[in-house]
Amino acid sequence: ADAVIITAQARAVQMEMNIGQDLLTPMQWQAIYNTHFISSGKIFLETETTFWKNPDSEITTTISDLPIRGTYFFDFENTDSGLICASYTWEEDNRKWYASDIKERAEKAIDMLEEIYGKDSIRPNVVSVYGFNWENMPGYRGAFRLFYPGQHHYYDALVQPSNNIWFAGDGVSYAGGWIEGALQSGLRAARQIAIKYSK
């Protein structure tokens, strides 16, 4: 190909792609090997109804110091069922959940929510559970890039093309963790390629 845009994040490039060492600069390889990506996971509870929308309900978005950390409630058109993101955690808070399977994670999350909202406020409404951790997801191996102090020069290395290979996506975005920055990086790479080959 005349040009390649790689949008996979650095851990996926390192672990799942076969790129010749000579195709990228030493600094680009250093960035791929060392850029920090956040560990993050979620626990979801599907509910039969959106019971938290009842007029007398006091259940709402919950930010706590319990291991569940962030809890969010979702409802959808054309269905009575709802979805609770019972736990959204990052880094150390997320690693606390690693040793538990999804059933145990869900049970612990429900226990913690009922610590806040009262016994049987959540559990009787749950019909199924689901969870994932970006660390364990093939093609991801981490949620999103968050540079450690002193790592910003990795950004500069990855936005410069090498051997007609451009990087785009969250890993080469000023706004790590947000779709807008990832899209902007893709548009930047495509524009640079268009300019190069229009001459």
A.B. asks: Does atom CD of Glu16 have more than 12 heavy-atom neighbours from other groups under 6.0 Å away?
C.D. replies: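 Enclosed: over 12 neighbouring heavy atoms sit under 6.0 Å from CD of Glu16.
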A.B. asks: Any carboxylate oxygen within less than 4.0 angstrom of a Lys/Arg side-chain nitrogen, looking at Arg123 and Glu107?
C.D. replies: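 Salt bridge flag = yes for Glu107 with Arg123.
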A.B. asks: Let's go through Gln9 and Asp170 carefully: what are the C-alpha distance in whole Å and the side-chain angles of both, what is the deciding distance for side-chain contact (heavy atoms from CB on, under 4.5 Å) to 0.1 Å, and is it a yes or a no?
C.D. replies: CA-CA 7 Å; Gln9 57 109 309; Asp170 176 57; 5.8 Å; no
A.B. asks: How long is the span from the CZ atom in Phe51 to the CG atom in Asp80, to the nearest 0.5 Å?
C.D. replies: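 If I round to the nearest 0.5 Å, the distance is 13.5 Å.
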A.B. asks: Between the side chains of His153 and Gln30, does any donor sit under 3.5 Å from an acceptor?
C.D. replies: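 The answer is no; no qualifying pair exists.
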A.B. asks: Under the 3.5 angstrom rule, does the side chain of Tyr155 hit a backbone N or O of Phe147 as a donor-acceptor pair?
C.D. replies: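 No; zero donor-acceptor contacts below 3.5 Å.
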A.B. asks: Look at Asp93 together with Lys96 and state whether they make a salt bridge at an N to O cut-off of under 4.0 Å.
C.D. replies: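 Salt bridge: yes.
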A.B. asks: Taking atom CG of Asp101 as the centre, does the number of heavy atoms from other residues, nucleotides or ligands within less than 6.0 Å exceed 12?
C.D. replies: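 Buried by this count: over 12 neighbours within 6.0 Å.
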A.B. asks: Is there a donor-acceptor pair under 3.5 Å between the side chain of Thr47 and the backbone N or O of Val126?
C.D. replies: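 Side chain of Thr47 to backbone of Val126, a donor-acceptor pair under 3.5 Å: no, none is there.
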A.B. asks: For Lys108, is the NZ atom crowded, meaning more than 12 foreign heavy atoms sit under 6.0 Å from it?
C.D. replies: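 At most 12 heavy atoms, drawn from other residues, nucleotides or ligands, come within 6.0 Å of this atom.
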A.B. asks: List the atom of Tyr33, the atom of Gln21, and the distance in Å for their closest heavy-atom pair.
C.D. replies: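 The answer is OH-NE2, 3.1 Å.
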A.B. asks: With a 4.0 Å cut-off on N to O distance, would you call Glu135 and Arg11 a salt bridge?
C.D. replies: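 Yes, charged N to carboxylate O under 4.0 Å.
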A.B. asks: Walk me through whether Ile32 and Leu158 qualify under side-chain contact (heavy atoms from CB on, under 4.5 Å).
C.D. replies: CA-CA 8 Å; Ile32 288 167; Leu158 290 175; 4.3 Å; yes
A.B. asks: Roughly how far, to the nearest 0.5 Å, is CE of Met112 from OG1 of Thr62?
C.D. replies: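 Between Thr62 OG1 and Met112 CE, I get 13.5 Å after rounding to 0.5 Å.
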A.B. asks: Minimum heavy-atom separation for Thr35 to Ala31, with atom names?
C.D. replies: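 Where Thr35 meets Ala31 most closely, the heavy atoms are OG1-O, 2.6 Å.
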A.B. asks: Decide side-chain contact (heavy atoms from CB on, under 4.5 Å) for Met27 and Tyr154; before the verdict, give the C-alpha distance in whole Å, the side-chain angles of both, and the deciding distance to 0.1 Å.
C.D. replies: CA-CA 7 Å; Met27 183 55 76; Tyr154 292 158; 4.2 Å; yes
A.B. asks: Looking at every non-hydrogen atom in both residues, tell me the closest pair between Ser64 and Leu66 and how far apart they are.
C.D. replies: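 Closest pair (atom of Ser64, atom of Leu66, distance): OG-N, 3.0 Å.
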A.B. asks: Answer with yes or no whether the side chains of Thr79 and Ser81 bring together a donor and an acceptor at under 3.5 Å.
C.D. replies: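 Yes, a side-chain donor-acceptor pair sits under 3.5 Å.
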A.B. asks: Where do Ile5 and Ala168 come nearest, in terms of heavy atoms and distance?
C.D. replies: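 Between these two residues, the closest heavy atoms are CG2-CB, 3.9 Å.
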A.B. asks: Linking I/L/V/M/F/W/Y whenever any side-chain heavy atoms sit under 4.5 Å apart, do Ile84 and Ile110 land together?
C.D. replies: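 In one cluster: yes.
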A.B. asks: Is it the case that atom CG in Asp56 sees more than 12 heavy atoms from other parts of the structure closer than 6.0 Å?
C.D. replies: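 More than 12 heavy atoms, drawn from other residues, nucleotides or ligands, come within 6.0 Å of this atom.
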A.B. asks: Looking only at heavy atoms, what is the nearest atom pair of Glu114 and Pro124, with distance?
C.D. replies: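 Reported closest heavy-atom pair: OE2-CD, 4.2 Å.
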A.B. asks: Restricting to non-hydrogen atoms, name the atom on Gly139 and the atom on Ala12 that form the minimum distance, rounded to 0.1 Å.
C.D. replies: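 What the structure gives for the nearest pair is O-CB, 3.5 Å.
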A.B. asks: Mind running side-chain contact (heavy atoms from CB on, under 4.5 Å) on Met17 and Ile6 for me, showing each step along the way?
C.D. replies: CA-CA 10 Å; Met17 299 179 76; Ile6 297 175; 4.2 Å; yes
A.B. asks: Please check if Leu45 and Tyr117 belong to a single hydrophobic cluster, counting links between Ile, Leu, Val, Met, Phe, Trp and Tyr side chain heavy atoms closer than 4.5 Å.
C.D. replies: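 Same cluster: Leu45 reaches Tyr117 through Ile, Leu, Val, Met, Phe, Trp or Tyr contacts under 4.5 Å.
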A.B. asks: Members other than Phe74 in its cluster, when Ile, Leu, Val, Met, Phe, Trp, Tyr link by side-chain heavy atoms under 4.5 Å?
C.D. replies: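 Members other than Phe74 - counting any ILVMFWY side chain reachable under 4.5 Å - are Ile38, Phe44, Ile63, Tyr72, Phe76, Leu83, Tyr88, Trp90, Tyr130, Phe132, Trp134, Met137, Tyr140, Phe144, Leu146.
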A.B. asks: Does Glu180 CD have over 12 foreign heavy atoms under 6.0 Å away?
C.D. replies: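 Check fails, neighbour count at 12 or below.
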